[in-house]
Amino acid sequence: MTFTQSQNYPVNQAVESFRGLDVDSQLALFWFIYKEMGSSVTPAAPAASTVSPDIAEGLFNQVKDMSHEEQLQIQRDLITGANTQTTRQYGSLSDTTKLLFWYLLAQGMDNGTVIPMPENYQLSGAAEQLLNVIKQMQFEEQITLFRDYVSPMGAEPKSGAGI
Ligand code: 45D
């Protein structure tokens, strides 16, 4: 392992642990992370040139118009890598645009356009531990972790112009 990799070890390990949780626990943990970050994440962040707000919003608007059950299914599909039109569209986004898409979903949960968390939802012990690890990371490390986490989700877009 190179020096650079070992320095990044905690982030890489956190991503691995995140993916090791069952699908619903991953969704729940991601939600609690969003809640922790609160207003500190504004879409006016630095990497603006690598993000396509219109594309993230376009995909979000499709999901927003679906039923709550479909909205939840799509989020589960993204995590499991199921192959659907929506997961392929997701797969065609840049990593930062993927992160923005998740951020829009979380905001949608906040303002009632996306299926909310069940009331009194309790994180599993493993998810709670991971949340505490992530809370202690530097902001830059958190962003790296989230980007690495959401990057391989969804499905490969079809080659050529199709999605
Ligand atoms: O019934 O450079 C359960 C940008 C149980 C700008 C459930 C940025 C069963 C450019 C499954 C729990 C803003 C992109 C239900 C940077 C059940 C830039 C449902 C930064 C209903 C740096 C659970 C962006 C559900 C950042 C629906 C930092 C859970 C973005 C859904 C961070 C959870 C985004 C969701 C985060 C979590 C998004 C949608 C932390 C989303 C989290």
Side-chain angles (χ1 to χ4, degrees), residues 8 10-11 14-15 17-82 84 86-87 89-154:
N8 288 332
V11 171
V15 173
S17 308
F18 206 157
R19 291 195 189 117
L21 300 172
D22 66 77
V23 173
D24 281 11
S25 297
Q26 290 184 46
L27 280 173
L29 173 58
F30 211 20
W31 169 253
F32 279 86
I33 291 169
Y34 166 78
K35 280 296 171 193
E36 286 294 333
M37 301 197 76
S39 53
S40 69
V41 180
T42 53
S49 59
T50 63
V51 68
S52 308
D54 297 352
I55 295 178
E57 263 167 48
L59 189 56
F60 171 72
N61 285 335
Q62 285 180 38
V63 175
K64 194 184 68 173
D65 291 338
M66 296 174 177
S67 71
H68 278 182
E69 288 67 29
E70 287 173 305
Q71 291 173 340
L72 180 55
Q73 189 57 48
I74 276 170
Q75 295 179 66
R76 287 172 169 154
D77 286 349
L78 287 171
I79 290 175
T80 60
T84 70
T86 308
T87 61
Q89 277 181 275
Y90 176 93
S92 71
L93 308 179
S94 75
D95 290 349
T96 307
T97 305
K98 288 173 180 165
L99 195 50
L100 179 57
F101 172 71
W102 279 102
Y103 184 66
L104 294 175
L105 284 174
Q107 284 188 318
M109 292 171 73
D110 252 344
N111 67 31
T113 53
V114 174
I115 184 172
M117 286 290 291
E119 266 175 54
N120 307 320
Y121 184 94
Q122 291 275 337
L123 278 183
S124 68
E128 185 79 52
Q129 273 186 352
L130 192 50
L131 179 61
N132 287 325
V133 169
I134 293 169
K135 273 157 72 170
Q136 281 156 38
M137 290 179 172
Q138 304 290 315
F139 182 71
E140 287 300 322
E141 289 181 310
Q142 293 175 338
I143 299 294
T144 303
L145 187 160
F146 303 152
R147 209 180 271 129
D148 287 357
Y149 174 59
V150 303
S151 163
M153 286 182 188

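Just so you know, ligand 1 is whichever comes first in the structure, and atom 1 is the first atom listed for that ligand.
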| query | Nearest heavy-atom pair of L145 and A14: which atoms, and what distance? | reply | CD1-CB, 3.4 Å
| Enumerated ligand 1 atoms positioned under 4.0 Å from heavy atoms of L105 | 39 (C)
| request: Please state which part of I143 comes within less than 4.0 Å of ligand 1, counting heavy atoms only: side chain, backbone, both or neither. | output: side chain
| Are the side chain of T113 and the backbone of K64 linked by a donor-acceptor contact shorter than 3.5 Å? | no
| query | What atoms of ligand 1 come closer than 4.0 angstrom to any heavy atom of Q75? | reply | 27 (C), 31 (C), 39 (C)
| remark: M66 and T86 have their tightest heavy-atom pair at CE-OG1, 4.3 Å
| task | Side-chain contact test, heavy atoms from C-beta onward, threshold under 4.5 Å: evaluate it for F18 versus F30 and give yes or no. | result | yes
| Per-atom contacts, ligand 1 versus M117 - under 4.0 Å to a heavy atom | 12 (C), 23 (C)
| ligand 1 versus M109, non-hydrogen atoms closer than 4.0 Å: side chain, backbone, both, neither? | side chain
| request: For ligand 1, note which part of L72 has a heavy atom under 4.0 Å away: side chain, backbone, both or neither. | output: side chain
| request: Using atom types as modelled and distance alone, determine if a side-chain donor or acceptor of S151 lies under 3.5 Å from a backbone N or O of D95. | output: no
| If hydrogens are left out, which of L99, V150, V23, I115 has an atom nearest to atom 30 (C) of ligand 1, that is, the closest non-hydrogen atom? | L99
| request: Please name the pair of heavy atoms, one in R19 and one in P152, separated by the smallest distance, quoted to 0.1 Å. | output: NH2-CG, 3.3 Å
| Taking the non-hydrogen atoms of P116, is any one of them nearer than 4.0 angstrom to ligand 1? | yes
| query | Is there a donor-acceptor contact under 3.5 Å from the side chain of Q71 to the main chain of I115? | reply | yes
| field | Within reach of ligand 1, part of Q142 (heavy-atom separation under 4.0 Å) | value | neither
